[in-house]
Protein chains: 2
Amino acid sequence: MLQNGNYEAIFSRIPIYIEYLKTYEEEYISATIIANSLGLGEVQVRKDLAKISFGGKPKIGYEVKSLLDDLSSYMGFDKLTKAVIVGMGRLGEALFHYLGFDRINLKIVAAFDVCDKYNSLDEFKSICEKHNVKIGIITVPEESAQATADLMVSSGIKAIWNFSSSSLKVPNNILVKNENMANSLSVLIRLMNNL
Amino acid sequence: MLQNGNYEAIFSRIPIYIEYLKTYEEEYISATIIANSLGLGEVQVRKDLAKISFGGKPKIGYEVKSLLDDLSSYMGFDKLTKAVIVGMGRLGEALFHYLGFDRINLKIVAAFDVCDKYNSLDEFKSICEKHNVKIGIITVPEESAQATADLMVSSGIKAIWNFSSSSLKVPNNILVKNENMANSLSVLIRLMNNL
């Protein structure tokens with residue numbers, strides 16, 4: 001399970017900065033403008049940017065283009081990352097066709113399912129090795145999730161994005177990010193009930 | 001935009017505790033066991049539980065059943081929450097049929113789309129008012145997202161789960177949780193590149 005709490009927080013903010021900067025039309029930008037536009041704390045934005053980009057100038061701010069380059073390469077968006085997906089039910093289909101992965105330079109190179117329409121799991125290892133795939137997305141039912149994770153690990157995958165509700169057992173050097181739709185929504189329900 | 005950083009963190013952990021407790025077969029449980037089983041810090045789990053449940057006893061721990069009740073009612077899972085969804089593309093379909101919302105007592109009472117197969121947006125306000133719907137899920141393309149949010153706000157919806165990449169403008173008393181699949185995955189890519 002991911003336990004990089006602090007890193008995860010900053011890694012979550014940077015894609016938001018990047019999206020915002022892409023729409024910004026001036027040549028220079030300050031941390032203050034970014035913070036105010038995104039409703040974030042100015043100190044936090046300033047610290048995040050200072051950690052990643054050395055181009056900031058007092059009173060002028062950051063050149064937008066080079067700040068974008070610095071943030072993108074910090075996140076690894078300057079290199080193509082390859083993923084595969086296993087489990088082509090409705091959620092698998094939705095992720096497989098999701099257009100937003102382009103902008104983080106992620107490509108889902110193959111989709112697997114027991115159904116004939118997709119690649120067979122027999123080919124999983126050879127396809128992953130051929131394409132040097134590092135990320136595996138699991139959208140299978142809970143009962144098949146652990147076997148899928150095992151197959152991913154033995155095929156050289158380094159990070160698993162797990163949409164099943166199964167809590168996966170993997171070696172220590174493998175990252176797992178659990179994405180639970182109900183848990184995510186439940187945060188919103190709780191905050192709403194707080195109002 | 002949600003800025004309840006600290007609350008969001010604890011609200012995200014509780015559903016994970018709940019899921020784990022449901023599988024736990026003894027009568028009593030300690031914060032230590034929960035922490036170790038979930039790979040979380042013991043101090044954090046202890047603090048979270050102490051904030052919500054007063055049933056913990058030294059050396060014995062919490063009675064599993066009453067801890068579950070306390071955590072569930074803290075999250076609002078003891079009451080039915082009603083949601084609607086607008087935009088029945090692949091992602092909308094996947095969420096509409098997602099089975100995991102049952103366990104947080106959330107029911108998607110209606111699905112809307114410009115396509116005839118679903119409810120028409122003309123009926124949106126009346127359906128939301130009739131069912132007293134509080135949560136709106138947006139899975140429309142970016143260009144329709146703001147108009148959808150406006151319709152939700154004027155129909156009495158209090159919290160929006162936004163899967164579009166549009167950054168929505170809403171009144172201060174309306175909660176918005178942006179769920180961006182690419183940003184979520186990019187955290188995993190970044191952590192993987194860190195290894």
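In the text below, chain A, chain B and the rest are named by the order of the sequence lines, each starting its count at 1.
A:Ile16 has its side chain out of reach of B:Asn178: every pair of non-hydrogen atoms, C-beta onward, lies at least 4.5 Å apart. Contact check for A:Glu179 versus B:Glu179: side-chain heavy atoms found under the 4.5 Å cut-off. Residues B:Arg90 and A:Tyr98 fail the side-chain proximity criterion, which asks for heavy atoms closer than 4.5 Å.
Chosen from A:Gly76, A:Ala94, A:Gly92, A:Gly89, the residue pairing most often with chain B at heavy-atom distances under 4.5 Å is A:Ala94. Chain A forms more heavy-atom pairs under 4.5 Å with one residue of B:Leu106, B:Ile189, B:Leu99, B:Ile160 than with any other, namely B:Ile189. Ranked by heavy-atom pairs under 4.5 Å with chain A, the list B:Ile104, B:Ile18, B:Asn180 is led by B:Ile104. The greatest number of non-hydrogen atom pairs below 4.5 Å with chain A, out of B:Ser186, B:Ala83, B:Ser167, is found for B:Ser186.
Of the candidates A:Arg13, A:Met75, A:Arg103, B:Asn183 forms a side-chain contact (heavy atoms from CB on, under 4.5 Å) with just one, namely A:Arg103.
No more than 12 heavy-atom neighbours from other residues, nucleotides or ligands sit within 6.0 angstrom of NZ on B:Lys130. Remark: B:Lys22 NZ is packed, more than 12 non-hydrogen atoms of other residues, nucleotides or ligands lying under 6.0 Å away. Other residues, nucleotides and ligands contribute more than 12 heavy atoms inside 6.0 Å of the CG atom of B:Asp78.
Heavy atoms closer than 4.5 Å to chain B are found in both the backbone and the side chain of A:Leu91. Residue B:Leu185 touches chain A through both its backbone and its side chain, counting heavy-atom pairs closer than 4.5 Å. With a threshold of 4.5 angstrom between heavy atoms, A:Phe77 approaches chain B through side-chain atoms but not through N, CA, C or O. For a residue to count as touching a neighbouring chain, one of its non-hydrogen atoms must lie under 4.5 Å from one of that chain's; by this rule B:Thr81 touches chain A with the side chain only. If you measure heavy-atom distances from B:Leu95 to chain A, the contacts under 4.5 Å come from the side chain alone.
Heavy-atom minimum distance, A:Phe163 versus B:Met181: CZ-SD, 4.2 Å. Closest non-hydrogen pair, A:Phe11 versus B:Leu191, comes out as CE1-CD2, 3.4 Å. Residues A:Met192 and B:Ile135 come closest through the heavy atom pair SD-CG1, 3.8 Å. Nearest heavy-atom pair, B:Tyr74 versus A:Arg190, reported as atom, atom and distance to 0.1 Å: O-NE, 2.5 Å.
Hydrophobic clustering (side-chain heavy atoms under 4.5 Å, transitive across Ile, Leu, Val, Met, Phe, Trp, Tyr) keeps B:Ile52 apart from B:Tyr28.
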